[in-house]
> 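This is the structure I want to talk about, given as structure tokens.
Each chain gets a letter, A, B and so on, in the order its sequence line appears, and its residues count up from 1. We use all heavy atoms of the structure for the numbers below, so side chains are in, but hydrogens, waters and symmetry mates are not.
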There are 2 protein chains.
Amino acid sequence: MKQSEYQKDDSIGSMNRHKIMAAAEYEFALHGYAGTRVQHIADRAQLPKTNVLYYFKCKEGLYLALLEEILSLWNGQFDEATAEDDPAVILAAYIRDKMTKARQRSAASKVFALEIINGAPNLNTFFREQHCQWMAGRVQVLYSWMAQGKMKALNPEYLLFHIWATCQHYADFAAQITQLKGKPMGEPEFAEATDNLIELILTGCGLTVPERF
Amino acid sequence: MKQSEYQKDDSIGSMNRHKIMAAAEYEFALHGYAGTRVQHIADRAQLPKTNVLYYFKCKEGLYLALLEEILSLWNGQFDEATAEDDPAVILAAYIRDKMTKARQRSAASKVFALEIINGAPNLNTFFREQHCQWMAGRVQVLYSWMAQGKMKALNPEYLLFHIWATCQHYADFAAQITQLKGKPMGEPEFAEATDNLIELILTGCGLTVPERF
DNA sequence: CAAAAACCAGACCAACTGGTCAAGTTTTGG
DNA sequence: CCAAAACTTGACCAGTTGGTCTGGTTTTTG
């Protein structure tokens, strides 16, 4: 029983909390907030329903806790890029990172997507302001890259939207893609899609794909 | 009372059916299938709830009817393109068409997106086969364009996914975009986004944006 | 113009579901 | 070792919701 500084990770409470969150992520992603049954979350977590309500006051509380955890995942290397960096390297890494997350955390991605489609009624003002600030910073970096002639002049906002859209698509629309390809996308397919996307976007920005990628 | 050949369009029944479908599209898009209340659809259609159940056997029947109508909208000019056409013209028109639909039928787009995210449990095999055939045909045309040297060699499947993803994003994630831009996208913003997207994708495919666009 | 078909709508209900309660058992900490 | 805190769980309930039933009104049609 090595508890070290993180005693909570061993406690029975935090273990159950974690199991419940994982089950909730799966259920909410598949059925949406209203379509998800607390009972089903409990079943998936292998706990009685009452136990779920013991750890999280109510269904909405569980959903909000999950949403907050998901939002904290949405950060990446691009966050610290500056005007001095090479846009080709930064953007390629950003796209690669987003694609990896789309593959590994597709359920989280779906929960987020559902929240936005429903009008984002549960994203508090803190997140919104934080998000806007992040955006403003990235737009400035992109503008300075363009001013330096490092890349083609495009509207940076739309460029970011296009990157998000494509990466998110591989998580959210996996069912459609599986249908059309005849089988689910595995690791090699994701790698190919990622390379294709990097090639498409970077070329579209007037950049050359870095050799190291 | 000019009924011409379409007598059904004047009948009180089809008018109500239409009102209900429009209300259902709005409600399902905003709250998902499970989160939508038949009562709310009735309220929005300005009819008593019993009337909604009169025209459509049940909630699920209404949803399926709506879904079928939505699927029939998802066709465009690209459907008839051949190896002889100019890929720049065809793809630019395809993107423009998809963006227009994303703007004008955003609720329909959201209902479709929700269905896919939930694993597409209501898309019957007919639609699936039809969809796969469409895809196979388009992939062949794209391959022949590439073989003729008309455009850069890319995986055509992923190219189509990227186009769908970006256009759909402007409908489904409108809430996020509105938040980040500080105001909802109007017609001029959509025009700018469309031009940006066409520029990005066509350049990424090694094409030049047609002057006429 | 009559009767049949289509349409309208209030009252009602059975099933489901989020959430509570109370009575336990286990774990923790001094 | 013991008491308090944390955890577990079956029984239960109140509100909601999709859907039915019945009796009526309007529209269509032969």
Side-chain angles (χ1 to χ4, degrees), chain A residues 1-28 30-67 111 118 121-122, chain B residues 1-28 30-67 111 118 121-122:
Chain A
M1 289 201 198
K2 36 179 175 174
Q3 298 190 206
S4 69
E5 55 207 285
Y6 303 112
Q7 51 180 337
K8 281 204 169 181
D9 290 349
D10 275 13
S11 80
I12 183 161
S14 64
M15 273 185 55
N16 279 343
R17 236 177 283 266
H18 192 264
K19 271 166 62 180
I20 293 169
M21 291 276 272
E25 181 175 309
Y26 184 92
E27 291 291 327
F28 282 132
L30 200 55
H31 303 112
Y33 176 77
T36 292
R37 305 285 155 246
V38 176
Q39 182 69 62
H40 292 170
I41 295 174
D43 291 347
R44 182 166 295 277
Q46 288 178 301
L47 289 169
K49 186 182 78 168
T50 336
N51 241 349
V52 174
L53 276 311
Y54 170 74
Y55 285 105
F56 298 88
K57 289 182 177 62
C58 57
K59 183 186 179 184
E60 194 186 355
L62 170 54
Y63 177 74
L64 292 177
L66 176 65
L67 199 59
V111 172
N118 289 351
N122 295 296
Chain B
M1 290 204 197
K2 34 179 176 174
Q3 297 190 206
S4 70
E5 56 207 285
Y6 301 112
Q7 51 180 337
K8 282 204 169 182
D9 290 349
D10 274 13
S11 80
I12 184 159
S14 64
M15 272 185 57
N16 279 343
R17 236 176 284 267
H18 193 264
K19 270 166 64 179
I20 292 169
M21 292 273 272
E25 181 175 309
Y26 184 93
E27 292 290 327
F28 282 132
L30 200 55
H31 303 112
Y33 177 77
T36 292
R37 306 285 153 245
V38 176
Q39 182 68 63
H40 291 170
I41 296 174
D43 292 346
R44 183 166 294 277
Q46 289 179 302
L47 289 169
K49 187 183 76 167
T50 336
N51 243 348
V52 174
L53 276 311
Y54 170 74
Y55 285 105
F56 299 87
K57 287 181 177 62
C58 56
K59 184 186 179 184
E60 195 186 354
L62 170 54
Y63 177 74
L64 291 177
L66 177 64
L67 200 58
V111 172
N118 290 351
N122 296 297

> P48(A) has a side chain; which of dT9(D), dC8(C), dA9(C) sits nearest to it?
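Closest nucleotide among those given: dT9(D).
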> Say you draw a straight line from CZ of F28(B) to NZ of K59(B); how long is it, rounded to the nearest 0.5 Å?
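The NZ atom of K59(B) is 6.0 Å from CZ of F28(B), to the nearest 0.5 Å.
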> Atom pairs under 3.5 Å, N or O on each side, protein against nucleotides 15-18 of chain C: can you list them with distances?
{"unit_1": "dT17(C)", "atom_1": "OP1", "unit_2": "R37(A)", "atom_2": "NE", "d": "2.7"}
{"unit_1": "dG18(C)", "atom_1": "OP1", "unit_2": "T36(A)", "atom_2": "O", "d": "3.2"}
{"unit_1": "dG18(C)", "atom_1": "OP1", "unit_2": "R37(A)", "atom_2": "NH1", "d": "3.2"}
{"unit_1": "dG18(C)", "atom_1": "OP2", "unit_2": "V38(A)", "atom_2": "N", "d": "3.2"}
{"unit_1": "dG18(C)", "atom_1": "N7", "unit_2": "K49(A)", "atom_2": "NZ", "d": "3.0"}

> Are R37(A) and I41(A) side-chain neighbours, meaning at least one heavy-atom pair lies under 4.5 Å?
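Answer no - side chains too far apart.
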> If I take atom CD1 in residue I20(B) and atom C1' in nucleotide dA9(C), what distance separates them, rounded to the nearest angstrom?
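Result: 13 Å.
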> For dC8(C) and Y54(B) - does any side-chain N or O of the residue sit under 4.0 Å from the phosphate oxygens OP1/OP2?
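No, no such contact exists.
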> Would you say N16(B) reaches dA6(C)'s phosphate, i.e. side-chain N/O to OP1/OP2 under 4.0 Å?
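False: N16(B) side-chain N/O out of range (4.0 Å or more) of dA6(C) OP1/OP2.
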> I need the CD-P distance between E60(B) and dG19(D), as an integer number of Å.
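Nearest whole value for this atom pair: 8 Å.
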> What is the distance, rounded to the nearest whole Å, between atom CZ of F56(A) and atom C1' of dC7(D)?
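Value for this atom pair: 14 Å.
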> Could you tell me the separation between the CG atom of D43(B) and the P atom of dG18(D), rounded to a whole number of Å?
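After rounding, the reported distance stands at 12 Å.
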> How long is the line joining CE of M15(A) and P of dT27(C), in whole Å?
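In whole Å, dT27(C) P lies 12 Å from M15(A) CE.
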> Looking at G32(B) and N118(A), what are the two nearest heavy atoms and their distance?
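Residues G32(B) and N118(A), closest heavy atoms: N-OD1, 4.5 Å.
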> What is the distance, rounded to the nearest whole Å, between atom CG of N51(B) and atom C1' of dG23(D)?
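Rounded to the whole Å, the gap is 15 Å.
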> Verify, without hydrogens or angle tests, whether T36(A) (side chain) and H31(A) (backbone) share a donor-acceptor contact under 3.5 angstrom.
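Side chain of T36(A) to backbone of H31(A): no pair is present.
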> Should Y55(A) be listed as having a side-chain N or O under 4.0 Å from OP1 or OP2 of dT8(D)?
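Yes, because at least one side-chain N or O of Y55(A) sits under 4.0 Å from OP1 or OP2 of dT8(D).
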> Without decimals, in angstroms, what is the distance between L62(B) CG and dG18(D) P?
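L62(B) atom CG is separated from dG18(D) atom P by 11 Å.
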> Will you find, in the side chains of N122(A) and Y63(A), an N or O donor that is under 3.5 Å from an N or O acceptor?
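The criterion, which ignores hydrogens and geometry beyond distance, is not satisfied for Y63(A) and N122(A).
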> Would the number of heavy atoms belonging to other residues, nucleotides or ligands and lying under 6.0 Å from CZ of F56(A) be above 12?
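For F56(A), atom CZ is crowded (more than 12 foreign heavy atoms under 6.0 Å).
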> Can you find a heavy atom in the side chain of D43(A) that is under 4.5 Å from one in the side chain of Q39(A)?
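Of all side-chain heavy-atom pairs linking Q39(A) with D43(A), at least one is under 4.5 Å.
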